[in-house]
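To start, the structure itself, in structure tokens.
For the single chain, residues carry numbers from 1 onward in sequence order. Basis for what follows: all heavy atoms, side chains included, without hydrogens, waters or symmetry-related copies.
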Amino acid sequence: MADKILIVDDESAIGELVEVYLKNDGYEVERAENAHDALKCIEDDKITLAILDVMLPDMEGFELCKKIREKHLFPIIMLTAKVEDRDKIYGLTMGADDYVTKPFNPLELVARVKTQLRRYTRYNGSSLEKNEEISIRGLLISKKSHKCVLNGEELLLTPLEFDILWYLCEHQGKVVPSEELFEKVWGEKYFESGNTIMTHIARLREKMHEIPRKPKYVKTVWGVGYTIEAD
């Protein structure tokens, strides 16, 4: 069964253009021009990825992203005409996995969709990797089941958050440079992506109930990267 992509954009020309490129790559596509119809579509259909425009007539795309994240973990890519870092960071804080700035190359957007869906597929247990588990001071993370349990509580992590935590756990006791973490997890060349990493680390710490200035698990090594200390 083909992956089903939801495009939410009130500009019909953009929605139609993206739809053509995605269908040419074999994806099923649903479209909505406002947040209300988008939420209804998500409840009625099995959506595997959503592309959200920031500017919608009835609700800001960031708020729609936040609402989706209350129930769903599938990847979300934001389309934004804004180029300021604070806007991009805000979208990531609301739960987005990636963003593309308008005007954009449709082929780049399709490539980012493929990257996010590969991660989501691994997250949902279709990976053929052996059943690896890592346990660190009450934190249990499983590569095969893509589940993470902290002191008996299962953490609801997005695929991207899981990959970040797994990579740090896999390299526990070592400092992972920000550049290495980005290139291994995102699968892209590192280029001024420090804020992106910081935002996702902050969301991960929040879900782990970490004290911001004294985290027990994911620690910052300023000017270098991040580490999880070994037992």
Between E33 and S12, a side-chain donor and acceptor under 3.5 Å: yes
Rounded distance [0.5 Å steps], CD1 in I136 versus SG in C169: 4.0 Å
Distance-minimising heavy-atom pair for C148 and L139: SG-CD1, 3.4 Å
Close side-chain approach of I228 and V218, heavy atoms under 4.5 Å: yes
Heavy-atom neighbours of I211 CD1 exceed 12 at 6.0 Å: no
Close side-chain approach of Y217 to R205, heavy-atom, < 4.5 Å: no
Test item: D10 side-chain N/O and N34 main-chain N/O as donor-acceptor pair under 3.5 Å: no
Non-hydrogen side-chain atoms of P75 and D98 separated by less than 4.5 Å: no
Validation row: Y27, V113 side chains within 4.5 angstrom (heavy atoms): yes
Check: L150 and I141 side chains under 4.5 Å, non-hydrogen atoms: no
Distance (rounded to the nearest 0.5 Å) between L39 CG and I42 CD1: 5.5 Å
Pairing residues for D25 by the salt bridge (Lys or Arg N to Asp or Glu O under 4.0 Å) criterion, not counting sequence neighbours: K114
Any side-chain donor near an acceptor of the partner, E180 and Y167, under 3.5 Å: yes
Distance (rounded to the nearest 0.5 Å) between H146 NE2 and L157 CG: 11.0 Å
Note, I51 side chain near L22 side chain (heavy atom, < 4.5 Å): yes
Greater than 12 external heavy atoms within 6.0 Å of K207's NZ: yes
Salt bridge (Lys or Arg N to Asp or Glu O under 4.0 Å) partners for E30, two or more places apart: none
Within 6.0 Å of NZ in K147, more than 12 heavy atoms from elsewhere: no
Exam field: side chain E210 to backbone K216, donor-acceptor pair closer than 3.5 Å: yes
More than 12 heavy atoms from other groups under 6.0 Å of CD on E183: yes
L79 and I7, any side-chain heavy atoms less than 4.5 Å apart: no
Ring pair (Phe, Tyr, Trp, His ring centres under 6.0 Å) assessment of H200 paired with W186: CA-CA 12 Å; H200 284 287; W186 273 262; 5.4 Å; yes
Contact summary for R69 and G95, nearest pair of heavy atoms: NE-O, 2.9 Å
K4 side chain near D45 side chain, heavy-atom distance below 4.5 Å: yes
